[in-house]
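Computed from a predicted structure; not experimentally measured. So you know, we letter chains A, B, ... as the sequences are listed, proteins then strands, and number each from 1.
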Amino acid sequence: MNSSSDSVSLEPTNEAASVSPPDRPSLWRDMGTNEDWWAIWCGMLLLSLAFAAVWLGRPDGLLESIELGEPMKVVSPLKEFLAKPGSWEANPLASLSGKLVGIGGSFLVLLVLFAAATKIRGKSLPGFLIAFPCVFLLAALAYVLAGHTVLKAYNLEYALWALMVGLIISNTVGTPSFVRPAIMTEFFIKTGLVLLGAEVLMSRLLALGLPGVFVAWVVTPIVLITTYWFGQKFLKIPSRSLNMVVSADMSVCGVSAAIATAAACKAKKEELSLAIGLSLSFTVIMMVILPAIIKATGMDPILGGAWLGGTIDSTGAVAAAGAVLGDEALEVAATVKMIQNILIGVTAFCVAIYWVTYVERDSSSPSIGISEIWYRFPKFVLGFVAMSILFSVLYSVLAAGPELVDAMIKDSTKILRGWLFCLAFVCIGLETNFKKLLPQMQGGKPLILYVCGQTLNLCLTLLMAYLMFKVVFPTSVTP
Amino acid sequence: MTYDSQVRKTLSLLGVIAVMAVVWLVILPAHARQEAMRKHLEWLDQQGIDPSAMYYTELEVMEDILRRQRSAQLLSEANHE
């Protein structure tokens, strides 16, 4: 994910560590060859087409229905042509029922897009055309495995199964060489993150008013920074990037935050895998235990919902835990989590800045220039943030902005983003040796980091939720 | 790579596939049929909750919440005008 090279590794290269490397490419040339820029171009193209489809296909009378206060439902014309395998219980083929056209459409869109990018960037097109269908099939298999209703109920997300599918192949028969041209982990992740940018809608920040902002946007950065500092100062975790990814996925919103932060701080693939494993494991436990504690203590459901939303990593698990407490708790929990979800754009941007200005600095050089910061900065983060701003503006400024943007996300870009992340995790598995995963545990330090950080998160979030929803703004959410 | 090594690796893959087939085609469906789990799955379905949702946009129940908030906002604006 280093902007200065097309290296597959997420680790910073020696080239990036140097303060004044010679013969850097011009910005123009960089924009034409660099993977980060290509992730932005690919993401922007997909978003432009998806929004244009929704805009051109908007129903007549939409504005009138909005003026009447009962907006019409907007459906993207692309809805029929983009899909992922669904859920199933007894027969795995049920997950593909009625979705084959959509899955085929998603395959074609991604094949054409990445084949064009491969060709223009001067890489082997025939190799990619042979390899990509194989990787896509593995991603589809991972989606089918993840679609079992029991696994979904336990919050075991597709990322885990995509990783497992790749790991099984690479650690048994080995990853075939003809598949390697389509193993583009970072390219898939970065493009997926640019698409995710359109889902980070700032206008939803105030969905619960100030109390929601305080619980989700004040406590979360405090917990993130404190946990990272604790990991460096007391646990002395050797890898700063592992420390950062675990801290972010624990404090912000689980897997999606881990992906964004890992890309921003150029973490190793094994570190991202470990952080996701930790997050999913603790989420399963917390989604069962926290509602039980809230019920046993007779805690107010609104306070309990805010506590759940601010602490449980995974968005789906927050909703499941909140629903146990009732409709009010569910609404507050899911909304607090949504506000926290929006924080990942800011988190990725700040982590990227911190990394290029502090972590990657040369200890022999006292300061770092703007040009050096620009050179090292992972450019795809700019695309991520730019798409967030653009679609937040469209959402707020257009009369039918919420309906159009929501339809675009729900019927097209969310599906493609999911495929890109799933492909990326399959690729991580295909590139990873089991033996490389174990040393990442570093004597259990990441586990201790997670437990200590989550304990702080539980205490601070409960305190802030109590202050906001019960003391300062007691009528902000009424039962 | 020797022939033996190739055979061993292929057998390892087949072994893992067999284990996965048992888990996904026998154990998980049997677990889903159990009374308590079946009720839990039905409850999740009725609530529109997918606990494996990674982001709020993947959550059906969130769509309902946001739709309600949007309707309330539009009604408030209409009344204000």
Closest-packed option against chain A by number of heavy-atom pairs under 4.5 Å, given [options]:
options                      : result
Gln73(B), Met54(B), Arg33(B) : Met54(B)
Arg67(B), Met37(B), His40(B) : Met37(B)
Met62(B), Arg8(B), Gln47(B)  : Met62(B)
Leu41(B), Leu44(B), Val61(B) : Leu41(B)

Measuring heavy-atom distances to chain B, does [X] have an atom under 4.5 Å in its side chain, in its backbone, in both, or in neither?
X         : result
Ile66(A)  : both
Val200(A) : both
Thr335(A) : both

Modelled atom types, side-chain donor and acceptor of [X] and [Y], under 3.5 Å:
X         : Y         : value
Ser314(A) : Asn155(A) : yes
Gln340(A) : Lys337(A) : yes
Ser52(B)  : Asp50(B)  : yes

Between [options], which shows the greatest number of heavy-atom pairs under 4.5 Å with chain B?
options                                    : value
Ala207(A), Ala317(A), Pro92(A), Ala153(A)  : Ala153(A)
Asp313(A), Val144(A), Thr283(A), Val324(A) : Val324(A)
Glu157(A), Glu89(A), Lys152(A)             : Lys152(A)
Ile409(A), Leu330(A), Leu156(A), Leu145(A) : Leu145(A)

Worksheet entry | Lys39(B) bridged to Glu42(B) by N-O distance under 4.0 Å |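 A salt bridge is absent here (no side-chain N lies under 4.0 Å from a carboxylate O).
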Discussion item. So if I apply the side chain to side chain contact (heavy atoms under 4.5 Å, CB included) rule between Leu138(A) and each of Val179(A), Ile168(A), Ile169(A), which one comes out positive?
Written reply: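 For Leu138(A), the side chain to side chain contact (heavy atoms under 4.5 Å, CB included) test succeeds with only one of Val179(A), Ile168(A), Ile169(A), which is Ile169(A).
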Worksheet item: When rounded to the nearest 0.5 angstrom, what distance separates OH in Tyr56(B) from CG in Leu201(A)?
Response: 4.0 Å
Practice prompt. Nearest 0.5 Å please: distance from the OG1 atom of Thr347(A) over to the CG atom of Asp249(A).
Written response: 12.0 Å
Fill in: Residue pairs passing the side chain to side chain donor-acceptor pair (under 3.5 Å) test where at least one lies in residues 398-410 of chain A, sequence neighbours excluded
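Pairs touching residues 398-410 of chain A that pass the test: Arg204(A)-Asp406(A), Glu403(A)-Arg70(B), Lys410(A)-Glu63(B).
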Contact part of [X] toward chain A, heavy-atom cut-off under 4.5 Å: side chain, backbone, both or neither?
X        : answer
Leu28(B) : both
Leu13(B) : both
Leu25(B) : side chain
Ile17(B) : neither

Discussion item. Are more than 12 heavy atoms, taken from residues, nucleotides or ligands other than Glu60(B), located less than 6.0 Å from that residue's CD atom?
Written reply: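 No, the 6.0 Å shell around CD holds no more than 12 heavy atoms from other groups.
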Worksheet item: ring-ring contact (aromatic ring centres under 6.0 Å, His included): which pairs involve residues 4-33 of chain B, sequence neighbours left out?
Response: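 Matches after skipping sequence neighbours: Trp161(A)-Trp24(B).
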